[in-house]
Every structure is written in structure tokens, then in C-alpha cells.
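Throughout, protein chains are lettered first and strands after them, A, B, ... in sequence-line order, and every chain is numbered starting at 1.
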Amino acid sequence: MTDEKRIERLSAMLKRRGIILPAFEIYGGVSGLIDYGPVGASIKRKVIQNWIEHWTINGDIVEIDSPTITPEPVLIASGHVGEFNDLMTQCEKCSSAFRADQLAENYHPNPDILGAEEIDHILDSNEIECPNCGEKKWTPARPMNLMFGTKIGAMKASRQAYMRPETAQGMFMLYPSLYRHFRQKLPFGAIQTGKGYRNEISPRQGMIRLREFNMAELEYFIDPENPPITDISMKKEKISLIPDPKENEHEVVSISFSDAISQGILKDQTVAYFLSRTWDFLISVGIKPSKIRFRQHEGTEMAHYAQDCWDCEILGEHGWIECVGIANRTCHDLQSHEKYSNSNSLRAWREFVEPKIESKEVLAPKTSILGPIFRAKAGLVLEALSELSELPNQLPFDLLIKDGTKVEITAEMVERKTVRKNIAGEWFTPHVIEPAFGIDRIIWHILDHAYEETEKEGEKYNLLRLTESVAPADLIVLPLFEKDGMGDSARELNLQINSMKGVTSLIDSSKSIGRRYARADEIGIPWALTVDHTTLEEGTVTVRRRDDQKQVRCDIKELLNHINSGNVSSLF
RNA sequence: GCGCCUGUAGUGAAGGGGUUAUCACCUGAGGUUUCCAACCUCAUGUCCCGGGUUCAAAUCCCGGCGGGCGCACCA
């Protein structure tokens, strides 16, 4: 599956053509950090733009943009600080790494709170064995947190903060604003694209595991009791699913989305809908359908917040790589932020179909009698009466009040009666479905799938068969020669094309025409326009198609119309 | 983090204590050329970084940084 040589040739091309390069290379480079060069940045921008348009097209999802620097309390509530401040230790013999507190579990009531030295002592004095090899020697426990820490402000006044490990928290922070923006009606969603940071222990595999990476996340808020109705019955194409994998058993099921739902493989309609929309997006940016599969998470690998999770994996030269995670995060985040922040704006209102009439038997206090009797305690008595869950069968009775004393309540002090209450609805914490995309990983696979090594007249010939929507430029203008006015004519044409909104064109006039076609093919420009002598005489140019090198001659005015409407391909 | 391998122009490679480090492609300038990496002339550009050994280090040794693979980790 993995062809090292092809990866090397592809990486060399990506570097040579200014697509993906190692970052800070003149200083030796930093592992896990990459640059998008002049060509790559354009591809990346297009992929992200496609992604944004893909999700916002229905109007129920909006884009937001949040800071990457995140104060510590946010990430405490989200669980990122706690989850990653665990002490880790390694077996000195087999170098298996474990959470130190889990190893010490049977020797301390709450090992979670221990410091590194204490936990080292427990591991040592109890001769705890390595679950893997049985050895009893452990490296000193060290806290492992994959977040980059930083400080907001200077010196004493500074606050602990982290570079965000995911963009998702930004959407949760803005939930109150989103709720108002959408007129307080679920479901709705918010997307955000941007950088995320994880201080990986050992970044590997080129741009697959980066320390700073481009994420694109969607948080879709729903009412779990009234989930949105999504119809994907028209989705008939076969997809690959690996449901609920057992021990090393990766059974791939080839099935359509609609059948997967009716057969109960996809249990959550909303999750299924996002799987299907994710599929559509990946296809639209040029991922090959046969190289996509969805794998359900096992319980053990589930993120700390997720209830149900599917990975979308893409097959490339590095094997099957997780590129999208689609998780039902339930109410975990909003509820946790509510608890830590004391905010009361993280809920939604669910109106009942019919108002509920709640009737309740109460002991209604007669305050004119209670007051003079209990005086200072009267307030506590009233509170205790209203909080009675069960009414006493007989009066008088002894009532326990908050200061710990008991008072006698007699029949004169209260009136037993039934109170009716109209309840129109209730507040609840919305659930959230999160599709999280690793943009860099997707771009890698777009390039991988598009990169084709062929031969032309006995020579090696490479091209990127990028779909038009993610090509670094839409066209390239090539004067056949830089003389007789062909160069000027080409520059004028290039300017005309570039002045159209949303269309980008390059121009190249150095070296032979064949060489320029080759260079354009290698960075995936789908169309080349060649200005020749006939152009000067008749106002026509040749249009060359990258994928089969076919050419047609076309009137410039007509061509400009086709370019403007985005269907150059109809000329062929 | 650990172990093994590895680092020479933009790319791909050769060389392996001793003149000015070699080659191809690429890139740039000029010429030529009426559509697919053509040709001619010229030019730019390289031993990852820091120590050590040595009269002399790109070459040997040590460390760092980067890359690959395996183990471990991976919200």
C-alpha cells in the first residue's frame, strides 16, 4: 500500500513547485510545522472556501471566528486541561507508557490528586508491575499536556492560557449569540476554520500529524427530543462503513446511506446526515470515492466528551488516515461550561405541544398566623413548607427547618390545598453534533489522489488532476512567443480574466510552449489559453485541457463568457 | 521519548581526510523556434548546524536540528 518512492517523488514535487514545504528550513526546520507556498496557499484557500460554502448553503449554519489564545478556565471546563495534565510514566524495560494514576489506582483512594514525587513513591514502594512486560522499573512521572501554554498579560497580572487545541470551544463560547441570531430556534449550527495547536510528542508522516494545523469544525446544535428531520433516502451510492469494530475485526460493509439507516447500522439520523454531507464535500474537492470509508469508534478510543463517533478515513500513501471525525458530543460541553461559568445562557427553550398543567397539593402558609409565632424564624419555616416533597398525613407535625431545629406546625397555621400551574415549556441543554475536519490531511489526500505519474513520448510526465474547484488557478495564459505583440496580447487577456470576480489566471512566457504546458499540468491548472499569430489576426485563442491535452480554438469574447459562467469545459 | 537508518545546489543523484566538490534536470539572460519538458551560448546556485580529532574535515568522532521506519503516544 505504502509506496515510499512515490511519496518521495510527490514530496519533492510539492516542494519544487511551491505547494508544501518544511517551515523555517533555513534554520534547520521544525518538525511538525509546514509552509504552504505560493501555489499551496492558493489550493488551501480554495479547499477552505469550498468547505465554508458547502455548510452555509442552507442558511441554518453560520460562520464565526474566535481567538486562538484561550484562557485556562475554558479548557478546564471543556476537559482539555484535566485530561492532558495526567502524569505519564514509562516502563524502563519495554518503554510502554501509562497514566501513572491508573497504575497506582489500588494503592491510593484518589491517585488523581497526587504529585509526581508521591506517585513515583507509590509505584516504587508497591513494586507495581508493567502490565505489558511485568518489569517493575518506571521512569519518573511527568505531566503530559499536549497543549501549548502561554500567558495573557505580563508578570503578576498575567493569566494562564493555552493555544486552542480545537476550534470547537469558540462555538460554545458564542452559543448565546448564536441562539439569538437564529431567533431562539433549534436546530442551528456554527462553523469555524482556523489554526489549532497540539504539541505532539512525535510528529510523523509529513503533513499528517502537525503541531500547528488547519481545522474546520462545525457544531450543530439540536434538541435531542426533536432531532431535525433529514431525508437522505436519495443517497443511493455505495459507501464503506466499518461499524462498531470488535477486536481487530474490521469488517467493511458496502452499503448506501439510506440502507445503512434502515438496517440500523447508522442509528442516529443526524449523525448519518452529517456523514452523508461529509461524503459529498470530500467528493466535491476531488477525493476518490473508493478511497473513503467511515469507521465507528470503539468505546475505548472515544474522546472524553463523545457519545457516538465516526471517523472518516481516507486512503493514501500513508494508509487509511482519519481526516474527519463526526461525533455526537451530546450536551457535555454546554453543560460543563454552564457549571464552570455559572452562565444561564447556555440553554434552549422547548415549548410543549400542549402546555402542561401541573397540579400539586401544598400546605399553604397563613402568614398572618405564622409570622407572629415564629418571628425571626418565619422565613425559614416558609421555605421549608414550600420545599416539602411529601405532605404529612396529620396535623400538627414537626417540620425540620434549615437551621437544624424542628418546629411544630399546627392546623391553624396552614391550609391544605391544590395549586394548579400552567407550564408552557422547559429549558434544556442542546445536544451538539460535531463534524471536525483536518484540512491539512484532506489537502494531502487531494494532492495524493490527484498526483499522476505518466509517460509522454518516453519521458516521465507528472500532473495534478485537481478538480477545478481546488486548482491553484483557473487558467494560465501563454503567449506562444514573446514577440510580434503576442506577449502584450497575452497580458491584456490575462488582465481581462483576472478582473472577473472569483476567477484567477496566471501568465507564463518563459521557455518553450511545451515546457510551460508541463509546468502548468504539474501544479494542476485545468485550462491553458495560448495566444498565437492567429490570435493577433482573428481574435481567437486555443484552449487546452489539462487532462487529455486536447485543444480547441475559440473566439476570445465567447471564451470570456464561458470563463465568467464557469463552464469552459462545455467548449469541448 | 527510546531504538535502527539518514542529511551534498530548487529537485534527483555521484564522490567519501588533500588542487577550484561532480553530474543531470530545473531556474535566469540572450539567440533560435508557428503549439506540448527541442536546440545553441552564457550565468546563478550545494556539502544541515555546533563542537572535537587532524597540518588539513563535506568526508572520521560527539552533540543538536531535520527526515524515514519500528515501539510508545495521538481529544
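Only A:T530, A:D532, A:H533, A:T542, A:R544, listed by number, bring a heavy atom of residues 530-547 of chain A to less than 4.0 angstrom from any atom of RNA chain B. Sorted by residue number, the members of residues 203-213 of chain A with any non-hydrogen atom under 4.0 Å from RNA chain B read A:R204, A:Q205, A:G206, A:R209. Residues from residues 10-23 of chain A placing a heavy atom under 4.0 Å of any atom in RNA chain B, listed by number, are A:A12, A:K15, A:R16, A:R17.
Counting atom types as modelled, A:S202 pairs a side-chain N or O with a base atom of B:A72 as donor and acceptor under 3.5 Å. Counting distance only, with no hydrogens placed and no angle test, the side-chain atoms of A:Y27 and the base atoms of B:C49 include no donor-acceptor pair under 3.5 Å. In this model, no side-chain donor or acceptor of A:E200 finds a partner on the base of B:C74 within 3.5 Å.
B:G12 is paired with B:C23 under the criterion used here, namely a Watson-Crick or G-U wobble arrangement in which both key atom distances are under 3.5 Å. Remark: B:C55 base-pairs with B:G18; criterion is Watson-Crick or G-U wobble with both hydrogen-bond distances under 3.5 Å. Nucleotide B:U33: unpaired (no Watson-Crick or G-U wobble partner with both distances less than 3.5 Å). Base pairing of B:G70 is made with B:C2, judged by Watson-Crick or G-U wobble geometry with both donor-acceptor distances under 3.5 Å. B:C42 and B:G28 make up a base pair, with Watson-Crick or G-U wobble contacts both under 3.5 Å.
Rounding to whole angstrom units, CD1 of residue A:I476 and P of B:A37 are separated by 16 Å. Nucleotide B:C36 holds its P atom 11 Å from the OH atom of A:Y461, rounded to whole Å.
Side-chain contact between A:L218 and A:F274 is present, with heavy atoms from C-beta onward closer than 4.5 Å. Residues A:H332 and A:V432 are not in side-chain contact: their nearest non-hydrogen atoms beyond the backbone lie 4.5 Å or more apart.
Phosphate contact (OP1/OP2 of B:C36, side-chain N/O of A:R519, threshold under 4.0 Å): absent. Within the structure, every side-chain polar atom (N or O) of A:K460 is placed at least 4.0 Å from both OP1 and OP2 of B:A37. For B:U27, one of the phosphate oxygens OP1 or OP2 lies less than 4.0 angstrom from a side-chain nitrogen or oxygen of A:R515. An OP1 or OP2 oxygen of B:U27 is reached within less than 4.0 angstrom by no side-chain nitrogen or oxygen of A:S510.
Where A:R198 and A:D508 meet RNA chain B, the nucleotide closest to each residue was compared, and A:D508 sits on the side nearer the 5' end.
Taking CZ of A:R491 as the reference point, atom CG of A:N498 lies at 14.0 Å (rounded to 0.5 Å).
Looking only at atom types and distance, the side chain of A:H533 has a donor-acceptor partner in the side chain of A:D484 under 3.5 Å away.
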